[in-house]
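Throughout, a chain's letter reflects where its sequence line sits, starting with A, and its residues are numbered from 1. Atom set for the values below is all heavy atoms of this structure, side chains included, hydrogens, waters and symmetry mates excluded.
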Amino acid sequence: MTGDVLIVNLAGLLASAAPLIFAVIGETISERAGVINLSMNGMILLSAMGSFSVALATGSLAAGFLAGAAIGALVALVVAAAGISLRQSQVAVGFVLALLCRDLSYFLGNPVMGQVGPRLPPAPIPLLAGLPVAGPLLFRQDLMTYLSLLLVAGAWLFLFKTRPGLVLRGIGEKPEAAYARGARVKALRYLYTVLGGAIAGLAGPIYSLSVKAGWKGSISGLDGLGWIVLSITIFGGWKPFRAAFGCYLFALLQWLGLVLQPLLPGLPSQVLQVAPFPLMILTLLLVNLGKAEWVERSLATLPGPARRRLSRVLRALNATPPAALGTPFEED
Amino acid sequence: MDVRVELRDIEKSFGPVKANAGISLDIPSGSIQGILGENGAGKSTLMKVLSGFIRPDSGRILLDGKAASIGSPADAIRAGVGMLHQDPLDFPPLRLVDDFVLGRPGGIGPERRSAAAELARLAGRFGFALDPEGYVDALTVGERQQLEILRLLWIGARVLILDEPTTGISLPQKEKLFATLRELASEGMTVLFVSHKLEDVEALCDRAAVLRQGCLAGEAEPPFSSEALVSLMFGKAVELAPKRRLEPGRSVLAAKGVCLESPRLRIQDLSLCVRSGEVIGLAGMEGSGQALFLGACAGLARPVAGSFCLEAEGLDMTGRSHLDYKRAGVAYLPAARLEQALVPGLTLGEHFTLAEGGRGLFVDRKAAAKLAEERIAAYNIKGRPESRIEELSGGNQQRALLALLTSPLSLILVEHPTRGLDIESTIYIWGKLKERCAAGSSIVFISSDLDEILQYSDRVLVFFAGRASPPLDAASLDVERLGGLIGGKGWDEIEGKAGRA
Ligand SMILES: Nc1ncnc2c1ncn2[C@@H]1O[C@H](COP(=O)(O)OP(=O)(O)O)[C@@H](O)[C@H]1O
Ligand SMILES: [Mg+2]
């Protein structure tokens, strides 16, 4: 494989990970606020179908993307209302929504099935696009791929470097403590769940108007991605950059599966198709080593400075979910 | 700065329970007001009303004579009322400086640098050692309190409420806390100090109000009379049982040259022989090794070297599992009652059924109900067989735990038998434990309450950073000496003596 081909492939990887990134960052924001939105799988299908229909009908890509975000926000609003106001199980409601939205998308999508609709064009950035290597890799992408990169940095900045971001983490970690400090826990949880839903909802149009343009119903190849999104959120330790790394890792593993298939004719094709999943689990295990008791014990035998440095690294790798994830909170 | 607080006819019910039944209280500024009462008297409820955490059914709050509408913690903060809650309301995974900033109004940027400087300045002023870049979950309970108090000062609290702040902190930390509160009060801060411990209120407060069953039972000013306060708290006089001398019986547990290791701690060469009917107290600051040793006595931690024998049976138990210890008549009652010892969601009656084991597949409802009624009566538990365990108060949960112990037992290991309990429950729990001793069981317990150690133990082991003292006769100790040993002072003397003996 020549260098040019490699760069083209890597550039394609960035683009194909973009929808995953939107969905994972959206879910991360929602879960950081303490609300688990399990509807991802069906929601992405519904927003892919809905935004495609809208773009087809209006001829406007912008309208399509807006519709995607709106569908994501609406589904998240249902989760929020059931979980926060009605104090129902967020997991149960999210799961039912995941199934409902999927069937709904197949049913409502029949009229637009297989039609050719608008497609997001690449938007090369003047000057930068002409750079060697970096040009074709980074600067000849489409708008949403650029935005996916900005989104990761923006989410990180917001969560870890701003005052509202600190409160957001607080309401997912210990809502009663945040409430005692004057935060309006319920209102903020609504806000961030719906905002996270809207961001995740953009994953739909990125598929149906760009990465896998069109709507092909149950053979769109989108079913199941929402579950991957949920697992990458965990893998990412509720941290944007690590979550993005998870998205790229998953996209890379899938791409490797496709590339390696012809080179290993003896191997059943299913092996390479499912390989990304156990590999993700393995990485998750490695990353969470720091929590194991035997690791802690062997750390204790190390001399002071080395131990401190190593346990800092392990601590940074460690992924602990927001402590109040999925639990309701009652302001008196 | 000075704020006078007036509470007028505060009422709050939880279902059928009247937690506050019309309480009125005047608190002058610049003073430390004690709020005393047994568990469940309604102290926390009243304080949460004042800090906006709970909305009262009726009643008014006046600050400096003006009606204050406090409908949420945000309102209370604006009015200058800050509360240190009974369970610390902080964020363990955060850095201290982030925890410090969280909730303080301001711009988009958290201004960590200036906040860290402010935290360091305030900590320096009161002599607290807090590293702004450290993590909250690495702090002791006392340090978390210090952080929270500084935070409340920083956001401008002029009325400071502390709900049971002395539960679970060390003696030096308590002294530092008291000094801090006195200094704040002298500067005009209004301090409300909630406790169920007489001695804390007597040592610190300028005045005390006593709550009983949701009502204001009375008020008192120094010099306080303990008897008068106790009878206000309970509506009757409560007496400590006299101490009794014990004839050494046969050996129940023999630990020989035990070495234990945990990630943070190493205990070397500990030997102890527990005799039947004896009570042994393990003293020390939290995390000095006493919990590790107690766990090892129950087979919950494996010794690296040395042996454990249950000698009544001539039984070498070294390296055996907790279940083996249990079968041999060793019971272990952990400090985290609800997390480790009871099953939230199950009723009291179901707990008795579980503990008894019983035969057959189906639960014999009639027998179970009868058993539960008997035990509830025998242990004076305020609850019904169908009450869920988490609805009981701490004192009643502890009674239930004791009632769940099967008999006969050779050894009972207890972590903090009366932490968070009022005097009456404490005396009751120890009465039951002593009954067990009279029946031949031995008790080894951990407590951070020095008076409890001295009052109830026959012999005491002091732990300091993994070092364990030889068993000391409780009669030869007093609070000062024990406090010194816990803080690492006076060890040469006891170790010298033990060497000679
Ligand atoms: N959130 C609640 N729900 C139901 N009952 C409660 C609640 N909070 C307190 N209570 C009840 O109100 C009474 C007073 O409790 P509390 O104010 O916590 O007492 P104290 O702090 O004096 O120990 C107790 O009987 C307790 O069980
Ligand atoms: Mg209380």
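A 6.0 Å sphere centred on CZ of R60(B) holds no more than 12 heavy atoms belonging to other residues, nucleotides or ligands. The local environment of CZ in R467(B) is crowded, with over 12 non-hydrogen atoms from other residues, nucleotides or ligands closer than 6.0 Å. Within a 6.0 Å sphere centred on CZ of R87(A), other residues, nucleotides and ligands contribute more than 12 heavy atoms. Counted within 6.0 Å of CZ on F245(A), heavy atoms from surrounding residues, nucleotides or ligands total 12 or fewer; the atom is thus considered open. A 6.0 Å sphere centred on CZ of R95(B) holds more than 12 heavy atoms belonging to other residues, nucleotides or ligands.
The CD1 atom of I108(B) sits 7.0 Å away from atom CZ of F158(A), with the distance rounded to the nearest 0.5 Å.
If you measure heavy-atom distances from A183(A) to chain B, you find no contacts under 4.5 Å at all. Heavy atoms closer than 4.5 Å to chain A are found nowhere in R112(B), neither backbone nor side chain.
Within residues 161-177 of chain A, the residues having any heavy atom under 4.5 Å from a heavy atom of chain B are, by residue number, K161(A), T162(A), R163(A), P164(A), L166(A), V167(A), R169(A), G170(A), E173(A), K174(A), E176(A), A177(A). Among residues 20-40 of chain A, no residue has any heavy atom closer than 4.5 Å to a heavy atom of chain B.
Between chain A and the options P93(B), G106(B), P105(B), S72(B), the largest number of non-hydrogen pairs under 4.5 Å is found for G106(B). Put simply, of L152(B), V101(B), D87(B), D90(B), the one with the most heavy-atom pairs under 4.5 Å next to chain A is D90(B). Counting heavy-atom pairs under 4.5 Å between each of L94(B), D75(B), I77(B) and chain A puts I77(B) at the top.
Contacts of L265(B) classified as side chain to side chain contact (heavy atoms under 4.5 Å, CB included), with partners at least two apart in sequence or in another chain: S262(B). Applying the salt bridge (charged side-chain N to carboxylate O under 4.0 Å, His left out) rule to R189(A) yields no partners; only residues at least two apart in sequence or on another chain are considered.
Shortest non-hydrogen contact noted between P73(B) and A180(A) is CB-O, 3.5 Å.
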With side chain to side chain contact (heavy atoms under 4.5 Å, CB included) as the test, would you mind laying out the steps for R181(A) and D99(B) before giving the verdict? CA-CA 11 Å; R181(A) 292 167 186 217; D99(B) 182 280; 3.2 Å; yes

